[in-house]
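One structure is given here, and the rest of the page talks about it.
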Amino acid sequence: KEEGKNKVVCLTGLDDPASELNKINRTVALIKQALKENRFVLFLQPVVELSTGRVVHYEALIRLNGEDGALIAPGAFLPVAERFGLISQIDHWVINSVFNILQAHPGLTIFVNISGISLADNRLLEFVEAMLREKGVSPSRIGFEITETAALRNFTQAELWMRRLKALGCHIAIDDFGCGYSSFCYLRALPADYLKIDGSFVRDIDTNPTNRAIVEAMKTVAHALGKEAIAEFVENESVLAILQAYSVRYGQGYHLGRPAPLAEVLTASPQEKSSAT
Ligand code: C2E
Ligand code: MG
Ligand code: MG
Ligand code: MG
C-alpha cells in the first residue's frame, strides 16, 4: 500500500523523433513550471549500518509533483534539466530544502546528490558555504554524492568541490562506483569518505557469482583507498547476509528502507528519536 502511494512514474512518449522533441519540450516546460510553483519534493532513503541496522544517514532523492498528483522520477526530468541549463537551479533548490530540513530536525543527517554539470558552478559551491555559515547546521550533518562518472569527467572541479567541502567538515561519497572509468590513480586522489557500490553489481549477488566477486573486490578497493563502502540496491535478506559476511559496512536499498517523504521518516526514524530524547 505504502509502495503504491510513494510510487514514481515515468513520462510517456512515442518513439518517433518529432514526438521525442515534443516530449523534451514538454519536460522543459514542466521543469520551469515546477521551479516557479515549487512542485519538487524530496524523499529520504536510509543508509544503514549492516551489522547493527542503525540508520547512519539519509539520502535525499528528488521527485516532481505532476499536475495529476503523480510523482515523476528524477530519471525522467534530470537529464533534460542538465541539457537545457536548468540543473543548477534544481541543485540550488535541493540544497536549500535540505538545509531547511536539517535546521528543523536536529537528529537528521542527509546526503545530497550533485549533478556533474553543477560541479562547474562555483556559485553553487559558494551557496553551500554560505548556508553552512548562516544556518547554524553542523557540516557533519550534510554529505554530498558525486557519481564516479561525473567526478572523473570533471576531475579538477570534482576535486575542488570535495576538498572545499571536506575542509568544512562535510561528508563526501562517490556514487554509482564501478560504472565509470575507475582509474585508481584518480580515485585515490579524491578525498571522499564513502564509495557507493553501484546497485547493478549488488542486487543479484545471491545468484550471480561474478557480481559477488566484484562486490567483494570493490569493498577491498574501498578499504585500500581509506574509504567506507556503501552497497546500493540491497533488495532481499540473502543479499544482506552476503554483504554482512563480506564485512561491507553500510547498505541502502528497498529491503532496508524505501525512499519516503520526510513526514514518514520522522515517524519511523530512530535517528530523529534518539536526538529528541
Ligand atoms: P542514485 O543517487 O544512485 O540514487 C539511487 C536510486 O536508486 C534512487 O532512484 C533510489 O530510489 C533507487 N533505489 C534505492 N534502493 C533501491 C533498490 O533496492 N532497488 C532499486 N532497483 N532501486 C533502488 P531515484 O530516486 O529514481 O534517483 C535516480 C537518480 O537520480 C539518483 O541515483 C541520482 O543520480 C539522481 N538524483 C536523485 N535525486 C537527485 C537530486 O536531488 N539532485 C540530483 N542532481 N540528482 C538526483
Ligand atoms: Mg546518490
Ligand atoms: Mg547511486
Ligand atoms: Mg545509481
Side-chain angles (χ1 to χ4, degrees), residues 1-9 34 37-76 78 90-91 93-113 131-132 135-145 170-171 173 175 194 196 199 202-203 228 230-237 239-241 243-244 248-277:
K1 194 176 60 199
E2 233 164 56
E3 276 175 42
K5 188 170 41 129
N6 292 335
K7 203 180 77 185
V8 286
V9 298
E37 297 173 4
N38 203 15
R39 298 185 79 96
F40 291 112
V41 291
L42 288 180
F43 274 34
L44 300 176
Q45 184 181 29
V47 169
V48 169
E49 185 177 48
L50 298 180
S51 60
T52 59
R54 183 175 63 100
V55 174
V56 287
H57 63 254
Y58 291 86
E59 177 177 8
L61 296 162
I62 197 171
R63 280 96 183 80
L64 196 161
N65 234 324
E67 302 236 88
D68 53 358
L71 289 171
I72 300 166
L78 289 184
I90 294 178
D91 282 348
W93 181 88
V94 171
I95 288 168
N96 189 51
S97 306
V98 164
F99 271 98
N100 287 337
I101 296 172
L102 291 174
Q103 217 176 14
H105 305 284
L108 296 180
T109 297
I110 300 179
F111 280 44
V112 181
N113 292 285
M131 285 295 202
L132 283 167
K135 293 271 184 177
V137 167
S138 163
S140 66
R141 294 179 53 215
I142 189 159
F144 296 87
E145 300 193 1
C170 301
H171 306 278
D175 207 348
Y194 300 95
K196 298 190 78 171
V202 176
R203 64 193 309 174
E228 291 286 357
I230 302 175
E232 297 184 325
F233 292 16
V234 180
E235 293 182 352
N236 64 52
E237 192 61 35
V239 166
L240 172 60
L243 293 169
Q244 285 168 327
V248 174
R249 184 149 182 206
Y250 302 108
Q252 184 179 23
Y254 294 161
H255 183 64
L256 302 169
R258 290 192 171 254
L262 174 66
E264 275 177 39
V265 168
L266 294 177
T267 28
S269 165
Q271 212 191 9
E272 175 71 2
K273 271 184 203 133
S274 66
S275 85
T277 50

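Worth knowing before you read on, the calculation uses all heavy atoms, side chains too, and leaves out hydrogens, waters and symmetry mates.
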- List the steps and the verdict of side-chain contact (heavy atoms from CB on, under 4.5 Å) for Ser97 and Ile62. CA-CA 11 Å; Ser97 306; Ile62 197 171; over 6 Å; no
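- For the atom pair OG of Ser51 and CG of Leu243, the computed distance is 12.0 Å after rounding to the nearest 0.5 Å.
- For residues 50-62, the pairs satisfying salt bridge (Lys or Arg N to Asp or Glu O under 4.0 Å) are Glu49-Arg54, Glu59-Lys196, with sequence neighbours left out.
- In this structure, the side chain to side chain contact (heavy atoms under 4.5 Å, CB included) partners of Pro259, at least two apart in sequence or on a different chain, are Phe43, Gln45, Leu61, Arg63, Tyr254.
- Put simply, the side chain of Asn113 never gets that close to the backbone of Phe144: no donor and acceptor are under 3.5 Å apart.
- Pairing each heavy atom of His255 with each of Glu237, the nearest pair is NE2-OE1, 2.7 Å.
- The ring-ring contact (aromatic ring centres under 6.0 Å, His included) search around Phe111 returns His57, His171, Tyr194, not counting sequence neighbours.
- Shown here for Cys170 and Leu132, the closest heavy-atom pair between the two residues is SG-CD1, 3.7 Å.
- Proximity of Leu102 to Val98: side-chain heavy atoms (C-beta onward) are separated by under 4.5 Å at one or more points.
- Considering only heavy atoms from C-beta on, Tyr58 stays 4.5 Å or farther from Thr109 through its side chain.
- Atom CE of Met131 sits about 9.0 Å away from atom CD1 of Ile142, to the nearest 0.5 Å.
- One finds the CZ atom of Arg249 at 10.0 Å from the CG atom of Leu50 (value rounded to the nearest 0.5 Å).
- Side chains of Glu232 and Asp175 form a contact here, defined as non-hydrogen atoms less than 4.5 Å apart.
- Separation of atoms CD1 (Ile101) and CG (Leu266) is listed at 8.5 Å; rounding is to 0.5 Å.
- If you take CZ on Arg39 and CG on Leu71, they are separated by 10.5 Å, rounding to the nearest 0.5 Å.
- Between Val265 and Ala260, the closest heavy-atom pair is CG2-O, 4.0 Å.
- Taking CZ from Arg141 and CZ from Phe99, the interatomic distance works out to 9.5 Å, rounded to the nearest 0.5 Å.
- For Gly251 against Leu256, the heavy-atom pair with the smallest separation is C-CD1, 3.4 Å.
- In this structure the side chain of Phe233 never reaches within 4.5 angstrom of the side chain of Val239, judged on heavy atoms.
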